[in-house]
Amino acid sequence: MQLNAEDGGNRKFIMVQLPEETDEKGQKAGYKNICEIGKERIRRAGKKILEENKDKEGIDKLDTGFRVLKLASSNMADVYYTPEEFVSENLFTKLEEVENIKPDRTPEDLLFQVMPLCNLPLSSRIEVKEIHGKKVFFVEDNYLVACFDKDVNEAVITEIAKQQPYYFVMRDSSMATDNVADNFDQIFNAYSKDTIRKIL
């Protein structure tokens, strides 16, 4: 960040830290692990660099922000069943009730899972917009558009298709009705037939 402030560069960096617990002094200061100390040090360094260079031309464009990500298991739940678990009368009911995303996962967790699959670095610019009451992520403008909310209807899908994203991702369980699922491809074919669509 200091070098970028000095020469107007756009260097990026990745820091990796094990969440090692802090000693008694660190705990008393409110830092449960070394990662928490690291985050605070980066915040303070960015603030100091901006203050020390406040009169420099273009300093307002200096990026001192950062993202914190944790390694985790897959967002996808195990939804495998043996033949003995099914009987003919409840086969379809059981399949419809199965949720393929782990219940403790957030829309942001899902977004960061799909970004590398869409050839996007995790440092990509993300903007969150609301479309007909649903939270929609726009990554690198509209290179990737994603919506993981429940009860997504045709109006939302149509508005997203009109943005003509390169990729569009949503959850299978997000579709409000069977009609939305049936019309999904027709809507995209009408407004953005080249969009690559992925359903989780």
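As the structure is a prediction and not an experimental result, all values here were calculated from the model. Numbers for residues simply follow the sequence, beginning at 1.
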Check: Ser74 side chain, Met76 main-chain N or O, donor-acceptor pair, under 3.5 Å = yes
ask   = Any side-chain heavy atom of Asn53 sitting closer than 4.5 Å to one from Leu62?
value = no
Approximate separation, where rounding is to 0.5 Å, of Gln17 CD and Ile34 CD1 = 5.0 Å
request  = Supply the atom-to-atom distance Lys32 NZ to Ile37 CD1, rounded to the nearest 0.5 angstrom.
outcome  = 12.5 Å
key: Glu127 side chain vs Asp141 backbone, donor-acceptor pair below 3.5 Å   = no
task = Check step by step if side chain to side chain contact (heavy atoms under 4.5 Å, CB included) holds for Met175 and Ile157.
result = CA-CA 9 Å; Met175 296 189 195; Ile157 299 293; 5.8 Å; no
request  = Report whether Tyr191 and Ile199 are members of the same hydrophobic cluster (ILVMFWY, side-chain heavy atoms less than 4.5 Å apart, transitive linking).
outcome  = yes
query = Closest heavy-atom contact between Ala5 and Ile59?
reply = CB-CD1, 4.1 Å
query = If you round to the nearest 0.5 Å, how far is CG of Asn10 from CG of Asp7?
reply = 10.5 Å
message = Hydrophobic cluster membership, with links at side-chain heavy-atom distances under 4.5 Å among I/L/V/M/F/W/Y: are Val145 and Leu120 in one?
response = no
task = Give a yes or no on whether a salt bridge exists between Arg171 and Asp149, defined as a side-chain N under 4.0 angstrom from a carboxylate O.
result = no
request  = Would you please say whether a donor-acceptor pair under 3.5 Å links the side chains of Lys134 and Ser174?
outcome  = no
query = Taking side chain as C-beta onward, heavy atoms only, is Ser192 less than 4.5 Å from Lys162?
reply = no
key: Residues, nucleotides or ligands: over 12 heavy atoms within 6.0 Å of Asp178 CG   = no
message = For Leu18, I'd like to know if atom CG has over 12 heavy atoms of other residues, nucleotides or ligands within 6.0 Å.
response = no
task = Would you name the heavy atoms of Val139 and Met115 that are closest together and state the gap between them?
result = CG1-CE, 4.3 Å
task = Please check if atom CG in Leu69 has more than 12 non-hydrogen atoms from other residues, nucleotides or ligands closer than 6.0 Å.
result = yes
query = Can you check whether Ile160 reaches Met170 side chain to side chain, under 4.5 Å on heavy atoms?
reply = no
message = Is there a path of hydrophobic side-chain contacts, each under 4.5 Å between heavy atoms, that joins Leu122 and Val114?
response = yes
query = Taking C-beta and beyond as the side chain, do Glu140 and Tyr166 meet within less than 4.5 Å on heavy atoms?
reply = no
key: Phe137 and Leu144, any side-chain heavy atoms less than 4.5 Å apart   = no
ask   = When clusters are formed by joining ILVMFWY residues with side-chain heavy atoms under 4.5 Å apart, either directly or through shared neighbours, do Tyr143 and Leu110 land in the same one?
value = yes
key: Distance-only donor-acceptor check, side chains Gln113 and Asn75, under 3.5 Å   = yes
request  = Answer yes when Lys12 and Asp63 have at least one side-chain N-carboxylate O distance shorter than 4.0 Å, and no when they do not.
outcome  = no
key: Under 3.5 Å donor-acceptor, Asn4 side chain and Arg11 backbone   = yes
query = Is Arg43 paired with Glu40 through a side-chain N to carboxylate O contact shorter than 4.0 Å?
reply = yes
Under 3.5 Å: donor-acceptor pair, side chain of Asn179, backbone of Asp182 = no
ask   = Looking only at heavy atoms, which two atoms of Asn33 and Thr22 are closest? And how far apart?
value = C-CG2, 3.4 Å
Shortest non-hydrogen separation from Val180 to Asn153 and the atoms involved = CG2-CA, 3.9 Å
task = Group every Ile, Leu, Val, Met, Phe, Trp and Tyr by side-chain heavy-atom contacts under 4.5 Å, then state whether Val169 and Val156 land in the same group.
result = no
message = Is it the case that over 12 heavy atoms from other parts of the model lie below 6.0 angstrom from the NZ atom of Lys56?
response = yes
ask   = Under 3.5 Å, is there a donor-acceptor pair between the side chain of Glu130 and the main chain of Lys135?
value = no
request  = For the residue pair Ser73 and Lys102, establish whether any side-chain heavy-atom pair is separated by less than 4.5 Å.
outcome  = yes
ask   = Arg67 and Ser124: side-chain donor and acceptor closer than 3.5 Å?
value = no
ask   = For the atom pair CD (Gln163) and CD (Glu159), what is the distance rounded to the nearest 0.5 Å?
value = 6.0 Å
request  = First locate atom CZ of Phe168, then atom OG1 of Thr195, and finally report the distance between them rounded to the nearest 0.5 Å.
outcome  = 9.5 Å
request  = Measure across Leu111 and Phe148 and return the closest heavy-atom pair with its distance rounded to 0.1 Å.
outcome  = N-CE1, 3.7 Å
query = Quick one: does Asn119's side chain get under 4.5 Å of Tyr167's, heavy atoms only?
reply = yes
query = Any side-chain heavy-atom pair from Ile42 and Met15 closer than 4.5 angstrom?
reply = yes
message = Using 0.5 Å steps for rounding, measure from the CZ atom of Phe188 to the CG atom of Asn183.
response = 13.0 Å
message = Under 6.0 Å from the ring centre and within 45 degrees of the ring axis: does the NZ or CZ of Lys129 meet both conditions for the six-membered ring of Phe138?
response = yes
request  = Taking only Lys NZ, Arg NE, NH1 and NH2, and the carboxylate oxygens of Asp or Glu, determine whether Glu36 and Lys39 approach each other closer than 4.0 Å.
outcome  = yes
request  = Evaluate the side chain to side chain contact (heavy atoms under 4.5 Å, CB included) criterion for residues Ile126 and Phe112: first the C-alpha distance (whole Å), next the side-chain angles of each, then the deciding distance (0.1 Å), finally the verdict.
outcome  = CA-CA 11 Å; Ile126 300 169; Phe112 280 100; 3.8 Å; yes
